[in-house]
Amino acid sequence: MRLRMWTYDLAREQSPTLDNLRSILDLTQAAGYNAFGLYMEHRFAYPSTPWTHGAGVVTPEMVRTLIEEFPDIQIIPFLNLLGHMEGFLYTEYGRRYAEERFKGMQACPTNPDTMELANKLIDDVLDIFTAEIIHIGGDETQQLGACARCRSVGGNAPMREPGGNVEELMRAMRSDTGSAHQADQKSRIYARYFAPLARRVIDAGRRPAIWGDMLLEYPKAAVAIPRETLIFDWQYFHGPERSAKKLAAYDFEVVCCPSLQTYNAAWLHVDQSEQNVCDHVRTANEMDAYGVCVTTWENGLFGSYEALMPAIQACGKMLNDEPGQPSEPVVTPKFALFGQISYLYHGELEGVQDWTPADRPSEATTVANDLLSKVISDDVRSIRLEPTQKGIELHYEDGKKTTMVREFRAQVRDPLLNRMRLLAGLPVEGRRLAQRGFIAGRCAGVSFHFDVLTQPTDLGPRIMLTRKDAATTALGVSASASKDYILESYSLLSAEHKEWARLMGVELQSLGGAFAHSQIRSSLKVRLLLQGNPFLAWLHHGDEFSGDHGAQALKICDRAMQVARDPATRGVTGFIKSAVEFVRYAEQAHQAYANELPGVATSTLAPARQLFDDLEKIAKANHLRFGGSKADVERCKAAKLYVEKVMHRIKDYGDGSLGYLPSFEHITHPNFIPHDQGAWWLINKWAYE
């Protein structure tokens with residue numbers, strides 16, 4: 001493996017000092033990486049674009065200093081010259097380059113000014129960076145062909161570059177999905193833009209690199225891309241076996257790109273991240289790929305590179321240890337589990353210390369623990385939880401017969417059914433709906449996976465768990481692949497750091513709902529802070545957090561806060577706890593408001609102002625210590641002001657003075673206007689398009 005690297009997402013509001021970057025490069029070198037990707041977008045002080053230089057950008061002088069001080073680390077610049085140019089496009093000067101007006105994140109590839117800008121940016125980094133590889137971006141260009149100029153592009157397919165595997169390329173050209181004309185047009189636009197940019201890098205004596213997703217979607221464009229170009233194949237939710245081999249068949253060298261999954265987590269999905277890295281390292285070794293690049297994304301919105309550093313070190317060890325190779329067959333042992341069981345949808349099931357009396361779990365949690373541990377240890381193939389008038393019956397099936405082994409009283413029925421649905425990543429509402437989910441992970445070295453099916457009955461949902469091989473799941477964590485690299489890396493700091501990472505990165509996910517593993521950006525983070533209306537978090541998560549689910553999340557956060565040993569880990573936990581608490585405050589205010597108690601509603605919301613004050617302090621400290629997001633500071637200020645605005649509305653209109661009582665969703669919305677009872681701004685939402 002020639003390239004072992006990771007990327008630092010400078011573009012997502014990071015503003016590190018030179019000393020911060022020195023610390024990061026020290027860690028990078030110590031962890032066994034030989035390259036460091038600086039993913040820049042608009043957060044670098046390009047000499048050609050002074051109009052993009054926001055506060056705290058990384059400067060050419062900083063980069064030149066780092067190159068001199070760390071000669072054994074290749075510092076690779078990651079530009080993005082078409083998609084992900086929003087930091088350019090949403091400035092007054094940069095709006096001229098946009099594919100669509102105030103929409104999306106893509107520049108127009110057929111605008112000659114865009115090509116001129118891209119050439120200038122390439123020339124800037126060629127002059128400043130000494131790395132062999134210059135990454136010019138190219139991912140997620142979904143707006144290809146959106147503007148009138150791009151739609152008018154015609155002509156023949158691009159010329160083939162010398163040295164390509166013509167037969168494979170022609171097969172790829174015939175395999176486009178969707179409308180053939182539209183695919184041809186988008187392939188042509190993409191190739192006509194990126195081929196000359198890649199050639200410019202080659203002519204300067206360097207090696208261009210682009211992301212692989214658009215070549216997989218529009219493979220005809222591969223005909224025009226120079227074969228010297230490295231293709232970075234990112235696959236974050238499964239292994240890259242098929243995609244990387246397809247790209248290699250086009251005569252490209254491939255870098256396999258897993259992800260530390262922070263952008264879709266409250267903090268980090270530990271087990272999915274480790275599995276993803278293992279899968280990519282295994283594939284890279286099997287196909288002799290050029291290398292592996294571990295990506296990290298979006299540590300704004302109270303993410304913390306400082307708290308993530310041990311995980312990044314763990315990935316360096318994984319790249320050098322070459323994990324994921326076939327291991328000895330796992331023999332299923334018989335074992336007993338005592339005390340609390342911490343189990344995870346897609347995660348780890350492990351025995352931990354007995355509960356203290358003050359922390360003793362609910363009976364439903366204890367029953368669920370006992371149930372799963374016995375099923376796994378006794379190799380039961382399926383179980384059924386059958387609600388009855390008296391309570392709930394538990395039926396086991398071992399492949400030969402079904403046996404009713406236990407009956408629980410009525411008080412346990414609903415909590416137990418809800419607990420099992422949460423573990424399967426299912427909502428606890430919807431008694432009349434059939435639902436499907438699964439619970440997967442490991443227990444004492446044994447991999448397990450249960451498909452979960454719920455069926456409605458008059459007494460509540462019937463829940464059936466069917467066991468299958470965990471290795472067949474796309475997102476499950478197989479025992480042979482994972483060695484707990486990440487958690488063990490935190491244990492090198494202290495036992496408390498390891499426990500903190502387990503609580504925040506493993507156990508919190510076990511609650512499901514807003515904390516479950518998903519393929520999209522964290523809904524809780526976005527709704528609380530990104531949209532300018534923190535009540536969106538209440539709108540979507542009020543039912544989820546107002547009951548036991550929220551109480552369990554706060555309990556995990558309290559335990560994590562007890563073992564957090566530094567400001568970074570305390571800040572991450574403080575944000576998650578505050579997010580849940582805000583939603584609970586908002587739901588309590590809603591209940592008072594609905595009961596025509598506006599004074600109680602405003603009093604209930606009052607603590608939220610201090611909550612956002614405290615978050616602002618965390619954001620400021622994160623910025624000062626490690627170059628974290630300054631935008632988070634401003635988001636907290638805006639959220640506090642908006643809460644106060646809503647409190648004034650409730651005071652003014654929550655007494656029925658309008659002649660009607662606006663719904664809580666309406667009165668907490670930024671577009672609320674008194675006397676607009678029909679919410680015409682919502683009905684006529686086409687005006688925003």
Side-chain angles (χ1 to χ4, degrees), residues 9-16 38-63 77-125 127-128 136-152 189 193-194 197 298 300-301 526 529-533 619 623 627-639 641-642 670-671 681 685-689:
D9 187 4
L10 175 68
R12 272 37 176 234
E13 303 169 356
Q14 303 301 302
S15 51
L38 190 63
Y39 182 83
M40 302 187 300
E41 292 184 15
H42 58 286
R43 296 294 296 157
F44 181 71
Y46 306 96
S48 298
T49 60
W51 48 273
T52 65
H53 300 178
V57 294
V58 170
T59 66
E61 292 73 23
M62 294 165 69
V63 168
F78 277 65
L79 303 165
N80 228 323
L81 300 179
L82 190 58
H84 287 291
M85 290 194 74
E86 56 267 34
F88 294 81
L89 305 180
Y90 295 125
T91 66
E92 182 59 29
Y93 187 91
R95 63 194 292 269
R96 69 192 66 191
Y97 301 107
E99 177 75 4
E100 299 177 272
R101 185 176 184 180
F102 203 59
K103 183 178 181 181
M105 59 188 185
Q106 183 184 305
C108 175
T110 61
N111 181 346
D113 292 340
T114 303
M115 180 62 77
E116 181 183 1
L117 171 65
N119 284 328
K120 288 179 178 179
L121 297 178
I122 288 175
D123 290 345
D124 284 345
V125 299
D127 181 57
I128 296 162
I136 59 176
D139 63 321
E140 297 188 315
T141 56
Q142 281 85 7
Q143 289 172 276
L144 285 172
C147 77
R149 189 199 322 251
C150 289
R151 287 195 298 271
S152 68
I189 293 170
Y193 184 77
F194 275 104
L197 296 178
E298 299 186 18
L301 296 178
V526 169
L529 288 177
L530 197 61
Q531 302 297 336
N533 173 14
H623 169 71
S629 172
K630 290 183 71 174
D632 282 346
V633 177
E634 301 303 321
R635 289 179 180 122
C636 292
K637 292 178 181 178
L641 290 174
Y642 193 75
N671 290 351
W681 56 269
K685 61 183 179 180
W686 56 265
Y688 296 97
E689 297 175 357

Determine, step by step, whether Asp124 and Thr49 satisfy the side chain to side chain contact (heavy atoms under 4.5 Å, CB included) criterion, reporting the C-alpha distance in whole Å, the side-chain angles of both residues, the deciding distance to 0.1 Å, and the verdict. CA-CA 10 Å; Asp124 284 345; Thr49 60; 5.5 Å; no
Going through the distances and angles, do Tyr90 and Phe102 end up as a ring-ring contact (aromatic ring centres under 6.0 Å, His included)? CA-CA 7 Å; Tyr90 295 125; Phe102 203 59; 5.5 Å; yes
Assess the residue pair Leu117 and Met85 against the criterion (side chain to side chain contact (heavy atoms under 4.5 Å, CB included)); give the C-alpha distance rounded to whole Å, side-chain angles, the decisive distance to 0.1 Å, and a yes or no. CA-CA 12 Å; Leu117 171 65; Met85 290 194 74; 3.9 Å; yes
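Contact record, Asp9 with Tyr39: OD1-CD2, 3.3 Å, taken as the closest heavy-atom pair. Nearest heavy-atom pair, Met115 versus Tyr193, reported as atom, atom and distance to 0.1 Å: CE-O, 3.5 Å. Shown here for Leu89 and Ala107, the closest heavy-atom pair between the two residues is CD1-N, 4.0 Å. The heavy-atom pair separating Ala45 from Val57 by the smallest distance is CB-CG2, 3.9 Å. Nearest approach of Thr141 to Gly83, heavy atoms of both residues: CG2-N, 3.7 Å. Contact detail for Ala55 and Arg43: the closest heavy-atom pair is O-NH2, 3.0 Å.
Between Thr110 atom OG1 and Leu144 atom CG the span is 10.0 Å, to the nearest 0.5 Å. In this structure, the separation between OH on Tyr93 and CZ on Phe88 is 12.0 Å, given to the nearest 0.5 Å. With values rounded to the nearest 0.5 angstrom, Ser629 atom OG is found 9.0 Å from His623 atom NE2. Note that the CZ atom of Phe194 and the CG atom of Leu82 stand 5.0 Å from one another [nearest 0.5 Å]. For the atom pair OH of Tyr97 and CG of Asn111, the computed distance is 8.0 Å after rounding to the nearest 0.5 Å. Rounding to the nearest 0.5 Å gives a distance of 10.0 Å between CG of Asn80 and CD of Gln106.
For the pairing with Gln143, the side chain to side chain donor-acceptor pair (under 3.5 Å) check across Lys103, Glu99, Glu100 returns one residue only, Glu100. Between Tyr46 and the options Asp123, Ile128, Leu79, a side-chain contact (heavy atoms from CB on, under 4.5 Å) holds for only Leu79.
Thr91 places no side-chain N or O within donor-acceptor distance of the main-chain N or O of Thr52, the cut-off being under 3.5 Å. When atom types are taken as modelled, the side chain of Arg635 and the backbone of Gly532 share no donor-acceptor pair closer than 3.5 angstrom.
With respect to the salt-bridge test (charged N to carboxylate O, under 4.0 angstrom), the residues Lys120 and Glu116 qualify.
Residues Pro109 and Thr114 have side chains not in contact (no heavy-atom distance under 4.5 Å, counting atoms from C-beta outward). The shortest distance between side-chain heavy atoms of Phe78 and His84 does not fall below 4.5 Å. At a threshold of 4.5 Å between non-hydrogen side-chain atoms, the residues Glu86 and His42 do not count as touching. Under the 4.5 Å side-chain criterion, counting only non-hydrogen atoms from C-beta, Asp632 is in contact with Glu13.
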